[in-house]
Student: 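If you scroll down you'll find the structure; I have some questions about it.
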There are 2 protein chains.
Amino acid sequence: MATMREVAERAKVSIATVSFVINGTKPVAPETRARIEAAIRELDYRRNVVARALASSRTHILALLHPDLESRPNATVIQFVMSAAHGARERGYDLVLWPINDDEQMSHLLAGGLVDGALLMEVQIHDSRVDRLIASRVPFALIGRTENDDLPFVDIDFDTTIHQAVDHLRSYGHRRIALVTQRTKAAPGNEPGRIMRAESAYREAMAILGSPPAVITVEGTSAGGREAARALAADAPEATAVILMNEGASAGLVKGSRALGRDVPGHLSIVSVSTTRELGEMIEPSLTVMEAPAAPLGRLAVNALIDQLEGVQDAPPHRLIPCTLVPGQSVGPPPSRT
Amino acid sequence: MATMREVAERAKVSIATVSFVINGTKPVAPETRARIEAAIRELDYRRNVVARALASSRTHILALLHPDLESRPNATVIQFVMSAAHGARERGYDLVLWPINDDEQMSHLLAGGLVDGALLMEVQIHDSRVDRLIASRVPFALIGRTENDDLPFVDIDFDTTIHQAVDHLRSYGHRRIALVTQRTKAAPGNEPGRIMRAESAYREAMAILGSPPAVITVEGTSAGGREAARALAADAPEATAVILMNEGASAGLVKGSRALGRDVPGHLSIVSVSTTRELGEMIEPSLTVMEAPAAPLGRLAVNALIDQLEGVQDAPPHRLIPCTLVPGQSVGPPPSRT
DNA sequence: CTGAAAGCGCTTACAG
DNA sequence: CTGAAAGCGCTTACAG
């Protein structure tokens, strides 16, 4: 590869001037600029990004910190990741994947100076990784929120989403609506924020509706879904509809309900929240879903971070995006009482 | 952040010696080493990876080149990506995501000197990106193969996989087996290698079986699956089983068959190849799948690349991994002729 | 076993 | 508008 020095020699200028035209950092006379651009073209010169990084103390690399997702990743996650990578590249940044197992390792990586900023996924209400991030002094943006709303974050607007889901069900005549949510390994009270926020939005909506809430928590698996179906029949038999905040359990819930003789949507309507429409279509009957804004959220997160790095002040204030209703065939009127 | 110079001063040695102990590149006297290690601990020193990269011309960064998957990624892809990232980190490398739209852009990125090596996904039979990779002189490994088997690659062993699928169906008594494959935007004859290889393995198996092959190609969507169901009924009515090499069409195929009055597996058995077991479980009846070895393949790919970078000679010669049969409920005996 | 020094390929005050 | 030079924080022959 040609170096900046070779370009400078060929164009009969100093390397400083070459740098100025490449970066547009200082005005350069048109003729000089033309000579330099010609030299760049002739030598097929590409600036060495590592040297630039060392000299400017800006690597233009961003880290995506995520729990080790090797096992059960979902479609929403990859859409998010890919759109973040894409958004980063569009602004001249690279995105590295950092599967983080423990906080110690995370601090280590952050201290290496490889990245200009970090994106943290699967944020919990109390999250020690956020403390590590702050301590590292590496700028960051969170995907999800801790209890501290002041930190830079982007998130799904669960309030709006859940209320829309409830409204949709109400428009069919449902009044008794249960919530099926997901059990995690996190300590109780410290679930991923999305689970807690969805639940509190649900409780609020039920309060407005004047209906008693019914919350069922199961694993995010087919078996979990079946368990939810049994629990619904046993503990919340009056519920004619369910809001499902547990993508992995969706197929099991439908299968399990049918196995108990409860047709979907004949006896039980289902809205699956924060999932993909593709997943909704896989299931029979196809699920009515509130599609997670994974791709927009990925771009929003990466742009919020880069804006922060580059000191852009007019960053868009809205950092919450609601899910989008995608009607399927899992919602119908409640069974008529006979 | 502390620098190596500060460590050296505190330990009363030269920075060269500090470098030697950090990298283990040269023997250092035990007492000297102890002093240096103490200084490192006391200053909480972390080597700057950018400076190391520039000085050593090794960035320890790898690129994962993938088509722009923002739209329809699948679970197999993310498992692959995550395990590659994880495998890279375990060996001290970082993985950057490069969504590649065109070859030009790819060459640009490669020329920037950011990465030591590259992994290319979704390799096609004739793939201009591979030519670009070779021209860039950046070491690489392919996920999938071009027609040139000599290049470093890892891949699913479609031969073994398809033959196992056929054997599984034969053990139930099936002899007339169709293949449903996926239409892509690629020019005919230049599909992703996996599609061509699966098809030729299928044709070979049918030849051995003495049955005429029947190949149906549809979009990788629910609509495509329905189309496949119709085409099977119309064009290959004698087929009692189908090997599905089209994950996105799986739900549609089942729904479409039933809509035509053909029960699964009563009238039609299905084996879905190169997919995830989670997806198989979503569907009713749960699909018998040949699970793609996404995670092992991710590690294999990244290790093959790093071995190459580090001159490890005893790289494992086996770079093909077959899918794993995960029985579901979509395979049964063929309908008895009445 | 240890050190002085060159050099990796850029950016960036500073001077003119 | 352009250049000489220092410096980013390391690695790596080379010398001793």
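Lettering follows sequence order; numbering is per chain, from 1.
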Student: Between dG9(D) atom C1' and Leu114(A) atom CG, what is the distance in whole Å?
Tutor: 14 Å
Student: When all nucleic acid strands are considered with a 4.0 Å heavy-atom cut-off, which category describes Val13(B): base, sugar-phosphate, or nothing?
Tutor: sugar-phosphate
Student: Are Arg89(A) and Asp94(A) close enough for a salt bridge, meaning some N to O gap below 4.0 Å?
Tutor: yes
Student: What is the distance, rounded to the nearest whole Å, between atom CG of Leu54(B) and atom C1' of dC8(D)?
Tutor: 9 Å
Student: Salt bridge check: are Asp307(B) and Arg91(B) linked by an N-O gap of less than 4.0 Å?
Tutor: yes
Student: Dot-bracket for DNA chain C: what is it, with Watson-Crick or G-U pairs under 3.5 Å, [ ] where a pair crosses earlier ones, and | for a pair to another strand?
Tutor: |||.||||||||.|||
Student: May I ask you to decide if Leu309(A)'s main-chain N or O and Arg58(A)'s side chain share a donor-acceptor pair within less than 3.5 Å?
Tutor: yes
Student: Would you say dG9(C) has OP1 or OP2 under 4.0 Å from some side-chain N or O of Tyr45(A)?
Tutor: no
Student: Mind running side chain to side chain donor-acceptor pair (under 3.5 Å) on Ser128(B) and Asp103(B) for me, showing each step along the way?
Tutor: CA-CA 7 Å; Ser128(B) 59; Asp103(B) 296 10; 2.5 Å; yes
Student: Please, which pairs that meet ring-ring contact (aromatic ring centres under 6.0 Å, His included) have at least one residue in residues 38-60 of chain A, sequence neighbours excluded?
Tutor: His60(A)-Tyr93(A)
Student: Report the distance from atom CG of Asn48(A) to atom C1' of dG9(C), rounded to the nearest whole Å.
Tutor: 6 Å
Student: Are Thr17(B) and dG3(C) close enough that a side-chain N or O sits under 4.0 Å from OP1 or OP2?
Tutor: yes
Student: Which one of Arg145(A), Arg194(A), Arg129(A) satisfies the salt bridge (Lys or Arg N to Asp or Glu O under 4.0 Å) criterion with Glu122(A)?
Tutor: Arg194(A)
Student: Of the options Thr32(B), Val7(B), Val28(B), Asn23(B), which is the one that meets Val18(B) in a side chain to side chain contact (heavy atoms under 4.5 Å, CB included)?
Tutor: Val7(B)
Student: State whether Ser14(B) places a side-chain N or O below 4.0 Å from either non-bridging phosphate oxygen (OP1 or OP2) of dG3(C).
Tutor: yes
Student: Would you confirm whether Ser136(A), through its side chain, and Leu110(A), through its main-chain N or O, come within 3.5 Å as a donor-acceptor pair?
Tutor: no
Student: Measure the shortest side-chain to side-chain distance between Phe140(B) and Val115(B) over non-hydrogen atoms and say whether it is less than 4.5 angstrom.
Tutor: no
Student: Figure out the CZ/C1' separation between Arg5(A) and dG7(C), and round it to whole Å.
Tutor: 11 Å
Student: Write down the protein N/O and nucleotide N/O pairs, taken from nucleotides 11-13 of chain C, whose separation is under 3.5 Å; answer none if there are no such pairs.
Tutor:
| residue | atom | partner | partner atom | Å |
| --- | --- | --- | --- | --- |
| dT11(C) | OP1 | Asn23(A) | ND2 | 3.1 |
| dT11(C) | OP1 | Arg47(A) | NH1 | 3.3 |
| dT11(C) | OP2 | Ser19(A) | OG | 2.6 |
| dT11(C) | OP2 | Asn23(A) | ND2 | 3.4 |

Student: Nearest-Å distance, CZ (Arg35(A)) to P (dC1(D))?
Tutor: 14 Å
Student: With DNA chain C as reference, determine whether Ser57(B) or Ala29(B) sits nearer its 5' end, using the nearest nucleotide of each.
Tutor: Ala29(B)
